[in-house]
Engineer: 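Dropping the structure in here first, questions after.
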Amino acid sequence: MRLPKISNKKISAEMYPKQGLYNLDSRFAFGKYAGLSVTRVYSGNHIELVNRYREMLYASFEKIFSKETYKEVDNRITGPHINIEGIDEEGWVEFILAFYRGAQCDFIVDGNKVKLVVSKGGMLDKKLSKFACELASKYMTGDLQQHWVNGIGKLRPGIEFYIADDFEDKLNAAEPNPEYIYWCIRNVDGFCLPGNKNEITGLNESPMFDFDSFKTKDIKADFSFEFQMNLKVHFKSADKRTITENYRKLTEYLEDQKTLDSRQEYYSDDDNEGYYDNEKYYDRDDDEENIMRGLESGNGDQFGF
């Protein structure tokens with residue numbers, strides 16, 4: 001099982017150079033979400049989330065219905081570590097023995113449909129196929145939501161079934177992470193969003209999409225069943241500390257911009273406008289004309305050559 005890394009390391013300027021004012025559509029130019037917009041990180045992506053959980057089902061079924069999963073340990077045949085409460089105990093014993101001895105399961109996860117067909121000795125086994133559907137439905141309707149585990153971080157029950165090394169990262173990237181936005185406001189030098197003393201503009205109205213549960217329907221005669229994936233939509237407000245820090249940074253940013261604008265106005269393009277000399281127009285920015293004028297006047301060194 002690959003566990004997420006937890007770090008309390010202080011952020012350095014080298015890791016996150018000074019940032020500026022972002023808006024909800026701005027894309028991160030730093031960190032693990034580089035290239036994604038503030039809204040995308042804050043809210044998550046419900047379409048990608050659905051795809052990732054379908055991928056999770058497929059990877060889990062590959063493990064649950066694989067011969068390698070059923071092993072003999074201390075003179076006892078063991079199966080996958082899933083909750084089988086409510087599953088027929090005799091059927092479960094028969095099932096794990098059959099897979100230990102070489103039974104095979106062909107399955108599909110297509111759209112909102114799951115189909116599992118178990119064969120033993122090259123022949124369809126209807127009883128085992130029906131039991132496989134019951135087991136798959138039991139797994140899907142179990143608690144597959146993520147939880148916070150002290151000292152470890154976010155984990156999902158059944159994580160041992162994930163086979164792709166980057167699966168957890170991909171799933172995390174599809175889920176909402178408002179805390180990352182708040183963390184950037186509090187820790188990344190200069191990073192701020194529009195707002196005032198009472199709120200950060202737009203965040204309170206931004207929905208967050210999380211996986212809630214699978215709902216499965218009755219098993220059909222062809223050893224298939226349909227399912228529905230339920231997502232939950234919720235909203236969250238930033239804490240007062242984060243709002244206050246954002247407003248402080250925003251005020252500082254706007255003051256810096258005001259100072260910069262004043263300097264730009266002082267050194268405006270008006271100072272570089274052309275002028276007339278003996279009825280001839282000279283452009284201050286035209287190097288060739290300035291050089292020729294200097295040569296004509298005999299004062300070429302005044303141009304710094």
Engineer: Please check if any side-chain donor atom of Tyr42 sits under 3.5 Å from a side-chain acceptor atom of Tyr182, or the reverse.
Structural biologist: yes

Engineer: Look only at the side chain of Thr39 and the backbone of Leu24, and say whether a donor-acceptor pair between them is shorter than 3.5 Å.
Structural biologist: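 It does hold such a pair.
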
Engineer: Judged by modelled atom types alone, do Asn230 and Gln228 share a side-chain donor-acceptor pair under 3.5 Å?
Structural biologist: yes

Engineer: Counting neighbours of CG on Asp222 that are heavy atoms of other residues, nucleotides or ligands and sit closer than 6.0 Å, is the number greater than 12?
Structural biologist: yes

Engineer: State whether Asp110 and Arg54 are salt-bridged, where the test is any N-O pair (Lys NZ or Arg NE/NH1/NH2 against Asp/Glu carboxylate O) under 4.0 Å.
Structural biologist: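 Salt bridge between Asp110 and Arg54, a charged N being under 4.0 Å from a carboxylate O: no.
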
Engineer: Treat each ILVMFWY residue as a node, draw an edge where side-chain heavy atoms are under 4.5 Å apart, and state whether Val41 and Ile200 are in one component.
Structural biologist: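 Val41 clusters together with Ile200.
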
Engineer: Could you report the tightest heavy-atom contact between Val188 and Lys249, atom names first, then the distance?
Structural biologist: O-NZ, 2.6 Å

Engineer: If you draw a 6.0 Å radius around NZ in Lys126, do more than 12 non-hydrogen atoms from other residues or ligands fall strictly inside?
Structural biologist: no

Engineer: Taking all non-hydrogen atoms of both residues into account, name the closest pair between Leu193 and Leu250 and its distance.
Structural biologist: O-CD2, 3.9 Å

Engineer: Please name the pair of heavy atoms, one in Pro80 and one in Ile64, separated by the smallest distance, quoted to 0.1 Å.
Structural biologist: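 Where Pro80 meets Ile64 most closely, the heavy atoms are CG-CG2, 4.2 Å.
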
Engineer: Ser137 side chain to Cys133 main-chain N or O, any donor-acceptor pair under 3.5 Å?
Structural biologist: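 Not confirmed, Ser137 side chain does not pair with Cys133 backbone.
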
Engineer: Let me check something: do Leu135 and Met140 share a hydrophobic cluster, defined by ILVMFWY side-chain heavy atoms less than 4.5 Å apart, either directly or through other members?
Structural biologist: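 Yes, because Leu135 and Met140 connect within a single hydrophobic cluster, where side-chain heavy atoms sit under 4.5 Å apart.
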
Engineer: Are Tyr53 and Ile108 connected in a single hydrophobic cluster, I mean Ile/Leu/Val/Met/Phe/Trp/Tyr linked by side-chain heavy atoms less than 4.5 Å apart?
Structural biologist: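 No, because Ile108 and Tyr53 fall into different hydrophobic clusters, even though each may have its own neighbours under 4.5 Å.
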
Engineer: State whether the number of non-hydrogen atoms from other residues, nucleotides or ligands found under 6.0 Å of Arg241 atom CZ is greater than 12.
Structural biologist: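 No.
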
Engineer: With a sphere of 6.0 Å drawn around CD of Glu90, does it hold more than 12 non-hydrogen atoms of other residues, nucleotides or ligands?
Structural biologist: no

Engineer: Looking at OH of Tyr253 and CG of Leu21, how far apart are the two atoms once the value is rounded to the nearest 0.5 Å?
Structural biologist: 5.0 Å

Engineer: What class does the angle between the rings of Phe191 and Tyr22 fall in, given that below 30° is parallel, 30 to 60° is tilted and above 60° is perpendicular?
Structural biologist: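 Ring orientation, 0 to 90° scale: tilted.
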
Engineer: Output yes when Lys127 and Glu94 qualify as a salt bridge under the 4.0 Å nitrogen-oxygen rule, no when they do not.
Structural biologist: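 A salt bridge is present here (some side-chain N lies under 4.0 Å from a carboxylate O).
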
Engineer: Examine Phe28 together with Tyr180 and report whether their ring centres are nearer than 6.0 Å.
Structural biologist: yes

Engineer: Whether Lys130 and Glu134 form a salt bridge (side-chain N of Lys/Arg under 4.0 Å from carboxylate O of Asp/Glu) is what I want to check.
Structural biologist: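 The answer is yes: the pair qualifies as a salt bridge.
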
Engineer: Rounded at 0.5 Å granularity, tell me how far CG in Leu203 sits from CD1 in Ile185.
Structural biologist: 6.5 Å

Engineer: Counting only heavy atoms from other residues, nucleotides and ligands, does the tally under 6.0 Å from CD of Glu89 exceed 12?
Structural biologist: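 Check fails, neighbour count at 12 or below.
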
Engineer: Mind listing the closest non-hydrogen atom pair of Gly195 and Thr201 along with its distance?
Structural biologist: CA-OG1, 3.3 Å

Engineer: Is a donor on one side and an acceptor on the other found under 3.5 Å between the side chain of Ser119 and the backbone of Gly122?
Structural biologist: no

Engineer: Which heavy atom in Phe225 sits nearest to a heavy atom in Asp218, and how many Å separate them?
Structural biologist: CB-O, 3.6 Å

Engineer: Can you hop from Phe61 to Phe214 via hydrophobic side chains spaced under 4.5 Å?
Structural biologist: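 Both belong to a single hydrophobic cluster.
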
Engineer: So, applying side-chain contact (heavy atoms from CB on, under 4.5 Å) with Arg186, which one of Thr244, Thr242, Ile181 is it?
Structural biologist: Thr242

Engineer: Between Lys232, His234, His46, which is the residue that forms a side-chain hydrogen bond (donor to acceptor under 3.5 Å, both in side chains) with Asp210?
Structural biologist: His234

Engineer: Is the centre of the Tyr70 ring less than 6.0 Å from the centre of the Phe99 ring?
Structural biologist: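 Yes; Phe99 has its ring centre under 6.0 Å from that of Tyr70.
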
Engineer: Below 4.0 angstrom, N of the basic side chain to O of the carboxylate: do Lys170 and Glu48 qualify?
Structural biologist: no

Engineer: Using a strict cut-off of less than 4.0 Å between a Lys/Arg side-chain nitrogen and an Asp/Glu carboxylate oxygen, indicate whether Glu245 and Arg248 qualify as a salt bridge.
Structural biologist: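 A salt bridge is present here (some side-chain N lies under 4.0 Å from a carboxylate O).
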
Engineer: Do Asn177 and Tyr33 meet the criterion of a side-chain donor-acceptor pair at a distance under 3.5 Å?
Structural biologist: yes

Engineer: When clusters are formed by joining ILVMFWY residues with side-chain heavy atoms under 4.5 Å apart, either directly or through shared neighbours, do Phe235 and Met208 land in the same one?
Structural biologist: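 No; Met208 is not reachable from Phe235 via cluster members.
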
Engineer: Taking the basic N atoms (NZ, or NE/NH1/NH2) and the acidic carboxylate oxygens, is any pair closer than 4.0 Å for Lys115 and Glu226?
Structural biologist: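 Judged by the 4.0 Å cut-off on N to carboxylate O distance, Lys115 and Glu226 do not form a salt bridge.
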
Engineer: With a 4.0 Å cut-off on N to O distance, would you call Asp125 and Lys120 a salt bridge?
Structural biologist: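 Result for this pair is yes, salt bridge flagged.
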
